[in-house]
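First the structure, which I've put down as C-alpha cells, then a few questions once you've had a look.
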Protein chains: 2
Amino acid sequence: MDEDTVFRALADGSRRRLLDRLHARNGQTLGELCEGLEMTRQAVTKHLGILEEANLVSTRRQGREKLHYINPVPINEIADRWISKFERRALDALSDLKKSLEGSKDE
Amino acid sequence: MDEDTVFRALADGSRRRLLDRLHARNGQTLGELCEGLEMTRQAVTKHLGILEEANLVSTRRQGREKLHYINPVPINEIADRWISKFERRALDALSDLKKSLEGSKDE
DNA sequence: AAAACAGGCAACCAAATGGTTCCATATCAG
DNA sequence: CTGATATGGAACCATTTGGTTGCCTGTTTT
C-alpha cells in the first residue's frame, strides 16, 4: 500500500536476494531461505519481516514451519504508478536520438 | 550502473519527489528545486548528489547556476532487468485467479 | 570594486538500519 | 516425556543516513 515502505524494503541487497530466491522457488521456510547466506537466522527473520510489512512477501504457518510466498502486486504498483512515467520520458529520449541520427544521416 | 546505488537512491521520499519535480520540468536549478521544500538548500544538495551518483540525474553548469536533468535510463534498467521477472509472476497469478474463478463458476 | 546571488564544503548530530548474541516458545520424532 | 528442530523476541552495537549550521568560492549586477 505505502509506496515508501515498498521502496525502503527494496533498497537492501539482501532483501532483493531473498525475493530472488522466492522467485526461483516459492513457499520456502525460514530455514531454507537462510541456507548458504552469510547472515544469522535472526537477520534473515528481520529482512523477511520488512518484506512482509511491505507486502512483498506473505506467509503461512504450517506446523512449526513458516512458509514464505512472494507477492508481486506492490512491485507492479510501483512499476505502473511510478516508473512508467519515467519510461515514457525514456522512450521520448530514444525517439529524439533516433530523429537526431536520421537528421545527421541527411546532413 | 550499480543496481544497489539506484535502489538506495530511490529509497528516500524526498529524492523521489525531486525526481518528480524534474520529471514535471526538466533542467531546474538547485534554487528552483529547493523552493517550497521544508529542507535546507544543503540537504537538497546532498540528495541531488546521491541521485547524480546513481546516474538518475545529470547536471550542467551554466554561469553560477547548476541545471539538473533527469536521466531515466537506470530506472528502465531496473524495470527491465529486475521488476519484469516479478511482473511475469504477477500475470501468472492473475491467470491462475482467472482459472480458479472460471472453475468455481462451473462447479 | 562592492554587494548580492548561486552554489560547494565540512563538521557535527540524532535517528534509522543491518547486524549480532542470548534466551524463550512451539512443534515434531522417538 | 525428552530431546531435537523451527521460529520468535529483545537488548545491544557499529555504521549509515538525513539533516543541520557555519563558512568559503565563484559569478553577476550595479
Side-chain angles (χ1 to χ4, degrees), chain A residues 1-22 25-71 74 78, chain B residues 2-22 25-71 74:
Chain A
M1 288 281 183
D2 182 8
E3 174 188 89
D4 193 61
T5 314
V6 180
F7 271 108
R8 280 255 159 94
L10 293 177
D12 185 80
S14 306
R15 287 194 288 271
R16 291 197 302 274
R17 257 170 268 129
L18 285 171
L19 287 180
D20 285 340
R21 285 186 163 216
L22 286 178
R25 188 162 63 83
N26 212 5
Q28 295 185 65
T29 69
L30 171 61
E32 286 170 332
L33 287 171
C34 287
E35 281 168 24
L37 293 188
E38 310 248 311
M39 246 186 300
T40 54
R41 179 176 54 82
Q42 283 78 358
V44 177
T45 301
K46 279 195 185 179
H47 284 308
L48 289 172
I50 291 171
L51 289 171
E52 207 174 340
E53 206 168 338
N55 242 295
L56 288 163
V57 160
S58 63
T59 59
R60 203 184 78 208
R61 213 63 217 243
Q62 190 168 36
R64 63 180 159 180
E65 294 180 335
K66 189 175 185 180
L67 306 181
H68 297 78
Y69 298 89
I70 196 172
N71 176 21
I78 283 186
Chain B
D2 181 11
E3 174 188 270
D4 191 60
T5 314
V6 180
F7 272 108
R8 280 254 158 98
L10 292 177
D12 185 80
S14 306
R15 287 195 287 272
R16 291 196 301 275
R17 257 169 268 129
L18 285 171
L19 287 180
D20 286 340
R21 284 185 162 216
L22 286 179
R25 187 162 64 83
N26 213 6
Q28 294 186 66
T29 68
L30 171 61
E32 287 171 332
L33 288 170
C34 287
E35 279 169 22
L37 293 187
E38 311 248 310
M39 246 185 299
T40 54
R41 179 176 52 83
Q42 285 78 357
V44 177
T45 300
K46 279 195 185 180
H47 283 308
L48 289 172
I50 290 170
L51 290 172
E52 208 175 338
E53 206 167 341
N55 242 295
L56 288 164
V57 160
S58 62
T59 60
R60 202 184 80 203
R61 223 42 231 241
Q62 190 169 37
R64 64 181 161 182
E65 295 181 334
K66 189 175 184 180
L67 306 180
H68 297 77
Y69 298 89
I70 196 172
N71 175 21

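The chains referred to below are lettered A, B, ... by the order of the sequence lines, with proteins before strands, and numbering in each begins at 1. Keep in mind that this is a model prediction, so the values were computed, not measured. These numbers come from the heavy atoms of this one structure, side chains and all, not from hydrogens, waters or symmetry mates.
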Self-check item: Arg21(B) side chain near Leu37(B) side chain, heavy-atom distance below 4.5 Å
Solution: yes
Practice problem: Calculate the interatomic distance between Leu67(A) atom CG and dA6(D) atom C1'; express it in whole Å. | Solution: 12 Å
Quiz item: Judged by atom type as modelled, is there a donor-acceptor pair below 3.5 Å linking the side chain of Glu32(B) to the main-chain atoms of Thr29(B)?
Solution: yes
Practice problem: Give a yes/no answer on whether the side chain of Lys66(A) brings an N or O atom under 4.0 Å of OP1 or OP2 in dA6(D). | Solution: no
Quiz item: Quick one: is dG19(D) close enough that its OP1 or OP2 comes under 4.0 Å of any side-chain N or O from Ser14(B)?
Solution: yes
Quiz item: Which of these, Leu19(A), Val57(A), Asp12(A), sits in a side-chain contact (heavy atoms from CB on, under 4.5 Å) with His47(A)?
Solution: Asp12(A)
Practice problem: Check the pair Asn26(B), His68(B) against side chain to side chain contact (heavy atoms under 4.5 Å, CB included), reporting the backbone distance first and the verdict last. | Solution: CA-CA 7 Å; Asn26(B) 213 6; His68(B) 297 77; over 6 Å; no
Practice problem: Using atom NE2 of His47(A) as one end and atom P of dG8(D) as the other, report the distance to the nearest whole Å. | Solution: 15 Å
Quiz item: How do Glu38(A) and Arg8(A) order along DNA chain C: which one's closest nucleotide is nearer the 5' end?
Solution: Arg8(A)
Practice problem: Report the residue (Lys46(B) or Met39(A)) whose heavy-atom-nearest nucleotide on DNA chain C is the more 5′ of the two. | Solution: Lys46(B)
Quiz item: For the pair made of CD in Gln28(B) and P in dG7(C), what is the distance, rounded to whole Å?
Solution: 11 Å
Practice problem: Would you kindly give the CZ-to-C1' distance between Phe7(B) and dT16(D), to the nearest whole Å? | Solution: 19 Å
Exercise. Round to the nearest Å and state the distance from Arg64(A) atom CZ to dA6(D) atom C1'.
Key: 6 Å
Quiz item: Given the rule in the side chain to side chain contact (heavy atoms under 4.5 Å, CB included) test, do Asp4(A) and Arg16(B) qualify, once you have shown the distances and angles that lead to the verdict?
Solution: CA-CA 10 Å; Asp4(A) 193 61; Arg16(B) 291 196 301 275; 2.9 Å; yes
Quiz item: Atom CZ of Arg60(A) and atom C1' of dT27(C): how far apart are they, to the nearest Å?
Solution: 16 Å
Quiz item: Given side chains that start at C-beta, do those of Asn55(A) and Val6(A) come closer than 4.5 Å, heavy atoms only?
Solution: no
Practice problem: Go through Leu22(A) and Leu33(A) one step at a time and tell me if the side chain to side chain contact (heavy atoms under 4.5 Å, CB included) criterion holds. | Solution: CA-CA 8 Å; Leu22(A) 286 178; Leu33(A) 287 171; 3.9 Å; yes
Quiz item: Rounding to a whole Å, what distance do you find between Leu48(A):CG and dG9(D):P?
Solution: 13 Å
Exercise. May I have the distance from Glu35(A) (atom CD) to dT7(D) (atom C1'), rounded to whole angstrom?
Key: 15 Å
Collect all protein-nucleotide pairs involving nucleotides 21-25 of chain D in which both atoms are nitrogen or oxygen and the distance is under 3.5 Å.
from: dG22(D); atom 1: O6; to: Gln42(B); atom 2: NE2; distance (Å): 3.1

